[in-house]
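Hydrogens, waters and symmetry mates play no part in the numbers below; they use all other heavy atoms, side chains included. In listed order, ligands and their atoms are each counted from 1.
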Amino acid sequence: MAVFVYAENINGVYKKAAFEAVAYAKAIADQAGDTVTAISVNPTDASDVLYKYGASNVINIKDEGLKSFSAKAYAQAVSEVANGNIIVFPHTTDASSIAPMLAIMNGHSLITNAIAVPESLSPFQVKRKSFSGKGFMHAKAEGAGVIVTVSQNAFGVKENIVSGSEEVKNLSVANEDTKVISHEQSSGKLDLKEAEIVVSAGRGMKGPENWGMIEELANVLGAATACSKPVSDIGWRPHTEHVGQTGKAISPNLYVAVGISGAIQHLAGVNSSKTIVVINSDAEAPFFKSADYGVVGDAFQIIPALTEKIKAIKA
Ligand SMILES: Cc1cc2nc3c(=O)[nH]c(=O)nc-3n(C[C@H](O)[C@H](O)[C@H](O)COP(=O)(O)OP(=O)(O)OC[C@H]3O[C@@H](n4cnc5c(N)ncnc54)[C@H](O)[C@@H]3O)c2cc1C
């Protein structure tokens with residue numbers, strides 16, 4: 001039976017996390033000697049972009065009622081079209097809330113935050129992140145059906161072009177439990193969870209009036225901006241930028257932390273970034289222990305100089 005994968009889109013456009021999940025599902029399908037069927041809700045992107053990562057079939061759910069997100073309604077929609085024993089989700093905010101709903105509906109096992117291809121399919125066993133990324137474990141699913149979420153950037157967006165076909169399913173799932181009262185849009189140009197590079201700053205910036213230099217550095221790097229929790233709590237930056245245990249968990253290729261001490265709760269949301277650069281005036285700041293590169297010095301001197309240097313290199 002085919003391996004199914006939920007291909008998440010935002011306003012119809014597929015997310016990078018969707019491509020990674022499809023590539024991961026393809027690796028599972030190859031182990032099983034089977035094919036991948038991707039499922040998406042109201043996409044506007046063409047299905048070809050999913051064939052590129054290994055989806056042989058794409059089921060496009062068309063449902064006006066699903067224009068606003070509800071984990072329960074989306075789980076219901078996915079359950080109406082996914083009739084396989086393995087269903088993969090990206091570990092995004094939305095998808096990681098659909099997956100447990102679907103597991104309950106189907107009576108399937110749920111394994112979250114997988115970081116490698118499964119060690120076996122029967123029983124399904126896979127390495128997953130645990131303790132907020134501080135450790136890992138090997139989880140084994142009970143029973144035949146399993147829903148697995150893939151930790152973002154753990155597997156990678158691997159191309160695996162197949163010829164594919166598309167099927168449109170018109171559904172009208174009840175979506176009455178959730179009413180969107182307000183919607184806070186991230187102020188940055190880039191989606192923080194999708195960004196390859198993130199420039200993040202903390203209380204060391206002293207006040208919101210000093211964020212111009214952080215935004216300028218982010219701008220020249222093509223990066224999204226983020227911040228520590230106290231910074232968003234005081235209102236220096238919007239809550240959408242807060243990363244960490246109680247904020248967004250991100251894993252960009254490059255995370256630049258400016259004036260952030262590196263408390264364990266902050267690290268919990270960023271420590272799976274590929275490369276971490278820490279800029280801090282205190283050589284004893286705990287963040288340096290997790291850094292790939294560290295600069296001890298005053299951010300107010302280093303950031304403008306770094307920005308100018310990058311501009312010069314780019315020019
Ligand atoms: C239950 C719980 C959940 C939490 N969740 C989160 C979370 O999700 N995310 C999060 O971030 N925090 C979280 N926290 C808070 C966390 O414990 C820390 O208090 C917080 O991360 C500290 O923020 P900070 O590094 O910006 O500030 P500080 O700890 O005040 O650090 C400021 C840093 O800036 C440096 N600095 C000062 N001046 C300069 C300069 N001129 N140039 C360069 N560096 C300078 C200092 O040396 C210092 O290291 C949580 C706490 C609890 C209890």
Exercise. How are the rings of F287 and H266 set relative to one another: parallel (under 30°), tilted (30 to 60°) or perpendicular (over 60°)?
Worked result: perpendicular
Exercise. At the 4.0 Å heavy-atom cut-off, does G269 count as touching ligand 1?
Worked result: no
Seminar exercise, completed: The single option from K16, Q152, E8 that satisfies side-chain hydrogen bond (donor to acceptor under 3.5 Å, both in side chains) with T92 is E8
Exercise. Considering the options I313, L306, I310, which one meets the side chain to side chain contact (heavy atoms under 4.5 Å, CB included) requirement together with V220?
Worked result: I310
Problem set entry | Within 45° cone of Y24 ring axis and under 6.0 Å: K26 NZ or CZ | no
Seminar exercise, completed: Checking heavy atoms under 4.0 Å, the part of A263 that sits near ligand 1 is side chain
For this session: Considering only protein heavy atoms, determine whether one is less than 4.0 Å from atom 19 (O) of ligand 1.
Result: no
For this session: May I ask you to check if K127 and F136 form a cation-pi contact, with NZ or CZ under 6.0 angstrom from the six-membered ring centre and within 45° of the axis?
Result: yes
Problem set entry | F287 and ligand 1 - part of the residue with a heavy-atom distance under 4.0 Å | neither
Problem set entry | Sub-4.0 Å protein heavy atom next to atom 1 (C) of ligand 1 | no
Exercise. Can you tell which of S200, P230, G202 gets a heavy atom nearest to atom 23 (O) of ligand 1?
Worked result: P230
Problem set entry | Contact check, V258 vs ligand 1, heavy-atom distance below 4.0 Å | no
Exercise. Does the side chain of N42 come within less than 4.5 Å of I61's, by heavy atoms?
Worked result: no
Exercise. Does K206 come within less than 4.0 Å of ligand 1, judged by its heavy atoms?
Worked result: yes
Exercise. Nearest non-hydrogen atom to atom 4 (C) of ligand 1 belongs to which of Q265, R203, H242?
Worked result: Q265
Exercise. Can you tell me which residue and heavy atom of the protein come closest to atom 29 (O) of ligand 1, and the distance to 0.1 Å?
Worked result: S261 OG, 2.8 Å
Exercise. For ligand 1, is there an atom lying under 4.0 Å from some heavy atom of A201?
Worked result: no
